[in-house]
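Heads up, the thing below is written out as structure tokens.
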Protein chains: 2
Amino acid sequence: MTVTIYDVAREANVSMATVSRVVNGNQNVKPATRKKVLKVIEELGYRPNAVARGLASKKTTTVGVIIPDISNSMYAELARGIEDIATMYRYNIILSNSDQNQNKELQLLETMLGKQVDGIVFMSDVISTELLYEMERSPTPIVLAGSIDETNAVASVNIDYHGAAYEAVKKLVDNGHKKIAFVSGPLSSKINKDFKLKAYKEALEDAGIDYDEKLVVECNNSYDEGMKAVATLQPYEPTAYFVSNDEMSIGVIHALEESGKKVPEDAEIISYENSKLARMARPMLTSIAFPLYDIGAVSMRLLTKYMNEEEIEEKQVILPYRIEERQSTKNNA
Amino acid sequence: MTVTIYDVAREANVSMATVSRVVNGNQNVKPATRKKVLKVIEELGYRPNAVARGLASKKTTTVGVIIPDISNSMYAELARGIEDIATMYRYNIILSNSDQNQNKELQLLETMLGKQVDGIVFMSDVISTELLYEMERSPTPIVLAGSIDETNAVASVNIDYHGAAYEAVKKLVDNGHKKIAFVSGPLSSKINKDFKLKAYKEALEDAGIDYDEKLVVECNNSYDEGMKAVATLQPYEPTAYFVSNDEMSIGVIHALEESGKKVPEDAEIISYENSKLARMARPMLTSIAFPLYDIGAVSMRLLTKYMNEEEIEEKQVILPYRIEERQSTKNNA
DNA sequence: GTGAAAGCGCTAACAC
DNA sequence: GTGTTAGCGCTTTCAC
């Protein structure tokens, strides 16, 4: 039924080894034999079986990607970055959604290792100690993309979340605001709690402004909760908002405008993400650029180094961020 | 180094066959032996090698997914639908982006088949005859998701694109419009050219309105081109717009408002997609619901039937659509 | 209920 | 430059 390397060898009057050599581009083959073999391969429609190859060579040229949810544009962007570099290095990707469910994450890791992937890119807001334990004893290299492991046991690629958030809040402070709200994503996420929120507090403190917990509201990152946050915050009359992502920022803008407030005149907003949405908002969002595509790409690149057992110069990569200034803040040029 | 089924068999004093049976949940094992084997598996930390299993059983429990671009929210939604059902049936997914490049599509197909996937879900705006040829002779089942193959040679899942577009344009006609613009995606796509555009013409014709090609503008589906389309159309003074997706619709709204026009008072808009964006627009978009998630889910479900060699009742599945009425059209309740 | 053994289709020494 | 052969780790008859 299916044509194998054996069939090709027989038809071409050579050994399987020789066929294998031409298929794998090994130079130790006389041009004439190579040509003959190639001809038979063509005639028979031979297609190498990657599974057999994987078993024999212990390499599958596929890497596992575990992310929270591909239908979320942030993670989709990350996935594209990963896939592009993977393709460049001839790897395929097994993609799975964890929904940030720890059991699912553990089980997915197990499945991927069972499938003998050559490496894994992993993303999650929180890396449990159990997960970390499994990652450390993984027979296959793993890199964390946009995810924090404080122990630095696993390789990772991130930006300076604290620095970015600090700069954003400081900008708001410098524009004269005293009541700055923080519309946060889930505080179960280390990035929100230990970096953004912390930076928010520090920026305030450094400006001599008292921290008021009433001004921070925890949301689920959705547009609707962005709108609701404005209602929740209304009694405390914030004049500026630092918002955890673009979608919520749009919710904040819409809620503000419905209540008769103008952005940026009555309230300034700095978002975090700088996705396509930032330019599709009215006013367009000033936003901290969170380079998801790059994080994915660099993570995958780093992974290839581990897979090739190359020298790793830095295990914890920190990518640059920048603030894209648009219309949701006043221009103080 | 790695522990194999052989190690487990030896330690448990049973044969490899028996270990295989307990690992695969075969009932023909005495409870006592099962328990003993399970214990050894636990102790040794045995993890079955899916590659070896795949070679022996000729099943990999992974399916290939070829889509244009995962960073596009439409395809991401589709991918999520596919993955959820795949997970439900214990399949993993190899995900690849084709960027609608035909050579890449062919090569991706080849790679997936080489990796011995048990099935493939494929999406592309245009299925070339060459691709179709390869699909027909694929040893593995393939289903097209949201993609048209006029020959009906390959299984597929779609909605009634023509009916949906016709209904949208008719609604605009019924609202009294005579100059209805069609802001289309690429006309290289069969869905745009042979379904939406055709339905647009028919709806106009049925209403006794002459077709004017000046009123249709071909775009690349982006926000920016949505904005530009309004400028291009401005000399012909359309009073209603049928737009190919939500992102372009938002561009149209913004351009319209910048030129002093109010939506829906001065211009009505019906979009196509009904993504999360539709509710995030101001005014919120009336939009034809294009159920990408469902298309993905149903495609994958259909694929499982092929993979299990079940009876297929319908090879070409047509899912229902509906029009979500919101604020970008006038309410004629 | 359990075991023996023959593959699955390929790679990778090693020999010539 | 090419061939031989022993696995890779599992499933799957077929016996018993």
Side-chain angles (χ1 to χ4, degrees), chain A residues 1-38 40-41 44-62 90 110-111 113-118 139-140, chain B residues 1-38 40-41 44-62 90 110-111 113-118 139-140:
Chain A
M1 184 57 229
T2 60
V3 14
T4 73
I5 198 173
Y6 173 80
D7 300 316
V8 177
R10 179 172 34 75
E11 292 301 310
N13 286 313
V14 297
S15 69
M16 286 162 56
T18 297
V19 178
S20 178
R21 286 190 187 98
V22 349
V23 167
N24 293 295
N26 186 314
Q27 287 308 305
N28 292 339
V29 182
K30 214 196 307 179
T33 28
R34 173 186 309 282
K35 200 176 157 196
K36 181 174 59 177
V37 170
L38 253 14
V40 174
I41 286 179
L44 266 46
Y46 169 66
R47 172 189 296 136
N49 181 324
V51 173
R53 194 191 296 223
L55 184 58
S57 69
K58 298 180 165 305
K59 290 197 183 325
T60 54
T61 64
T62 107
R90 314 238 105 96
E110 188 65 18
T111 304
L113 293 177
K115 294 225 167 177
Q116 313 301 118
V117 295
D118 296 336
T140 255
Chain B
M1 184 57 228
T2 60
V3 12
T4 74
I5 200 173
Y6 173 81
D7 301 315
V8 176
R10 180 170 35 75
E11 292 301 311
N13 285 312
V14 296
S15 69
M16 286 162 56
T18 297
V19 178
S20 178
R21 288 190 187 97
V22 349
V23 167
N24 292 295
N26 185 316
Q27 287 308 305
N28 291 340
V29 182
K30 214 195 306 178
T33 29
R34 174 187 308 283
K35 201 177 156 196
K36 182 173 59 178
V37 170
L38 252 16
V40 174
I41 286 179
L44 266 46
Y46 169 67
R47 171 189 297 136
N49 181 325
V51 172
R53 196 191 296 223
L55 183 58
S57 69
K58 298 178 166 305
K59 288 194 183 327
T60 54
T61 65
T62 107
R90 314 237 106 97
E110 188 65 18
T111 304
L113 293 176
K115 295 225 168 179
Q116 312 301 118
V117 295
D118 296 335
T140 255

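Labels below follow one simple rule: chain letters A, B, ... track the order of the sequence lines, proteins then strands, and each chain is numbered from 1.
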Using atom CG of A:Asn24 as one end and atom P of C:dG9 as the other, report the distance to the nearest whole Å. 17 Å
Donor-acceptor pair, distance only, cut-off 3.5 Å: does the side chain of A:Thr140 make one with the backbone of A:Val117? yes
Going 5' to 3' through nucleotides 2-9 of chain D, assign each nucleotide B (protein heavy atom under 4.0 Å from a base atom), S (under 4.0 Å only from sugar-phosphate atoms) or - (no protein heavy atom that close). BBB--BBB
Is any side-chain heavy atom of A:Lys115 closer than 4.5 Å to one of A:Thr62? no
Under the side chain to side chain donor-acceptor pair (under 3.5 Å) test, which residues partner B:Thr18, sequence neighbours left out? B:Ser15
Between B:Lys115 (NZ) and C:dC8 (C1'), how many Å, whole number? 18 Å
Please examine the side chains of A:Asn49 and A:Thr4, heavy atoms only from C-beta on, and report whether any two atoms are closer than 4.5 Å. no
Here the distance between atom C1' of C:dA12 and atom NZ of A:Lys59, to the nearest Å, is 13 Å
Side chain of B:Asn26, backbone of B:Asn28: donor and acceptor closer than 3.5 Å? yes
